Amino acid sequence: MEHVPLLDSPKFVAYSRRWYILMVFSLVVVIQNIMGNTWGPIAQSAKLVYDWNDGIISMISNWSCIAYVVVAIPFAFLLKVKGLRWCVVLSALMILVAAGLRFVPVYPTGFNYTSAIINGIPGPVLMAAPPMLSAVWFLPNERATATGISSMAGNAGLLVSFILGPMLVSEPSAFSFLNGTYVNGSSTLSNWTNVVPANSSDPMNMQSMLDDIHIYVITLAAGALFFALLALIYFPRQPPTAPSASATVERLGFLESYKLSLRNGNFWIIALAYSIPSGSFSAFVPIFVDVITNAHIGIDQGAANWLAFVAQAAGVAAGVLIGKFSDVFQRRMKMTLIVAFVVSTLSLAWLAVIATKIIPMVYWQLYTSLVIASMGINAVTPLAFEVAVEITFPIPESVVTMLMTQLNNLICIFFLIVPNIGTIWTTWTAVGASLISVPMMLLFREHYRRMEVDDATASTDDGPAGPEDPDPSFREHDRRVEVEETKASINDDLADPSARAT
């Protein structure tokens, strides 16, 4: 059994298998997000084949968000009581069921709604568990990196969907609206006028697109089955020995944790600063192809998907690299978050003025603005999770991040249930959502309670007991005192919200 001893102490061990556990978890997250963004990248084809409109495409995503909000609290309780294995395996099996429902040949709209609901139910585990997984399995100087990888797996799933969908599903043939204006998009099939030769056996390429969609659905189901098997075969609840002192600290009870979190004003600052821009951007990404194609700036479905792919790839890389940066330069998360919000705000504003034709559309500007915005928004996620867990420790990581991601999904739902008034408005709303987070972060008080527990233990584990440390039990006592002081600090903050953390 390979393992890495921590601080030359037998108390804490980091097992090499932690990277396999992280990989399996991330793959389940990837397939869940591909399932959730199946139709956005092929929206024009799906609208023709199934006679859907923009509202149905958005509503499929909306049902996943609604399911998340409904089951978030029960799943937070399950994570606390049952642990990672039980919840991750259940999530993988539900994704497999959701994939299977798409094989039903009748009532495609209804069964896709049902599939979206079932696929959204595991969302609370897959979005909120990354900090818990990193705390249970990883060293203190690896936690932000592990959280970055697993939290960016969702974005990696979106990235894959933007390339896999268009690669497997053909685009519609050339059409025009009844008014004669060319555009590669439509609300319903009845809005289209065929402009290809009338003697064509399949003038609208309908059968080809339908066959392609069937292949796409089968491919996703095969992936869901494979990843579910990986989770079933080996995904332990926790390692035999904890990797850090803070991992051994008993977390607070479920109800007590919720009460403390809801009363902690500092927590709500970081929760809202993360949720508002991230939720708005999460709602924007699935309909990005529609936003760009409907803007009539000369970008078709294929080009828009490639643009989204590049942006998501850059965002995933940024999230992982920022996590690694935070592990190397610890206790600098607040400033990093402020910089990320400023950068994303400026980039989204740049994108908005292009999409609304305030400035002429230039390809390099369109790509650059979206890529930088994606990097800024995605860099926020792992840092916001980690800093929220730090200021609320020893509240369970699953409770803290569940509340944050529930807010994220409420924001996402708001975007998706807005009446059918077009899609361009979403770009400007994303600008405002990112901008408002800057002053919120200036008010945020960072305090690394969990790190302090690990640092205190490290300072007492530097070597054998000396003349001033004759009792070996002193070190364990010191750790317990540190934990009790941390709990007292949380209660002090709650009693006096104006008190600044030091």
Side-chain angles (χ1 to χ4, degrees), residues 33 127 144 147-148 151-152 154-156 158-159 162 269-288 291-292 304 307-326 332-356 358-359 364-388 404-405 407-409 411-412 414-415 423-444 446:
N33 278 268
M127 285 186 68
T147 298
S151 61
M152 286 299 100
N155 298 85
L158 293 175
L159 184 156
F162 279 112
I269 291 176
I270 185 62
L272 290 171
Y274 153 76
S275 301
I276 294 174
S278 180
S280 61
F281 196 72
S282 296
F284 174 72
V285 169
I287 61 173
F288 170 76
V291 172
I292 295 301
L307 174 56
F309 172 83
V310 172
Q312 285 296 314
V316 169
V320 175
L321 291 175
I322 288 295
K324 181 61 178 177
F325 174 85
S326 297
R332 297 292 183 270
M333 294 185 185
K334 176 179 176 177
M335 182 55 63
T336 307
L337 284 167
I338 292 174
V339 171
F341 283 129
V342 170
V343 170
S344 61
T345 300
L346 296 175
S347 301
L348 285 168
W350 189 7
L351 175 65
V353 297
I354 294 173
T356 51
I358 295 178
I359 64 174
W364 74 264
Q365 291 191 24
L366 185 65
Y367 271 83
T368 304
S369 60
L370 183 63
V371 165
I372 297 177
S374 179
M375 293 175 68
I377 293 293
N378 287 312
V380 164
T381 300
L383 293 189
F385 283 174
E386 285 294 306
V387 77
M404 295 174 69
T405 54
L407 278 173
N408 181 300
N409 277 270
I411 299 295
C412 187
F414 167 76
F415 272 77
T423 52
I424 295 297
W425 66 274
T426 60
T427 57
W428 285 111
T429 308
V431 175
S434 182
L435 176 62
I436 198 173
S437 295
V438 176
M440 293 177 70
M441 284 306 304
L442 292 174
L443 297 174
F444 176 71
E446 60 184 341

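All values reported here derive from a predicted model rather than from experimental measurement. Index from 1, following the sequence.
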Identify, with sequence neighbours excluded, every residue that meets side chain to side chain donor-acceptor pair (under 3.5 Å) alongside N378.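 By the side chain to side chain donor-acceptor pair (under 3.5 Å) rule, N378 matches N155, S374.
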Qualifying residues under ring-ring contact (aromatic ring centres under 6.0 Å, His included), relative to Y274, sequence neighbours excluded: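 Expected list: F385.
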For the atom pair [atom1] ([X]) and [atom2] ([Y]), what is the distance rounded to the nearest 0.5 Å?
X    : Y    : atom1 : atom2 : value
L351 : I372 : CG    : CD1   : 11.0 Å
L442 : K334 : CG    : NZ    : 6.5 Å
S437 : L272 : OG    : CG    : 8.5 Å

So, S344 and S434: side-chain donor and acceptor under 3.5 Å apart, yes or no?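 Short answer, yes.
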What closest approach, in Å, do [X] and [Y] show between heavy atoms, and which atom pair accounts for it?
X    : Y    : value
S275 : I411 : O-CG1, 3.9 Å
V371 : A314 : CG1-CB, 3.5 Å
M404 : A388 : SD-CB, 3.4 Å
P382 : A144 : CB-O, 4.5 Å
E386 : T147 : OE2-OG1, 2.6 Å
A430 : L348 : O-CD1, 3.6 Å

Any chance you could lay out the side chain to side chain contact (heavy atoms under 4.5 Å, CB included) test for F444 and L337, step after step, and finish with the verdict? CA-CA 11 Å; F444 176 71; L337 284 167; 5.9 Å; no
Do M441 and I270 come close enough that some side-chain heavy atom pair is under 4.5 Å?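 Yes; the side chains approach each other to less than 4.5 Å.
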Test side chain to side chain contact (heavy atoms under 4.5 Å, CB included) applied to [X] - qualifying residues, sequence neighbours left out:
X    : value
L435 : T345
V320 : I149, M152
A318 : M375
A379 : I322

Among I377, V438, I436, which one satisfies side chain to side chain contact (heavy atoms under 4.5 Å, CB included) with P277?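 Checked I377, V438, I436 against P277; only one passes side chain to side chain contact (heavy atoms under 4.5 Å, CB included): I377.
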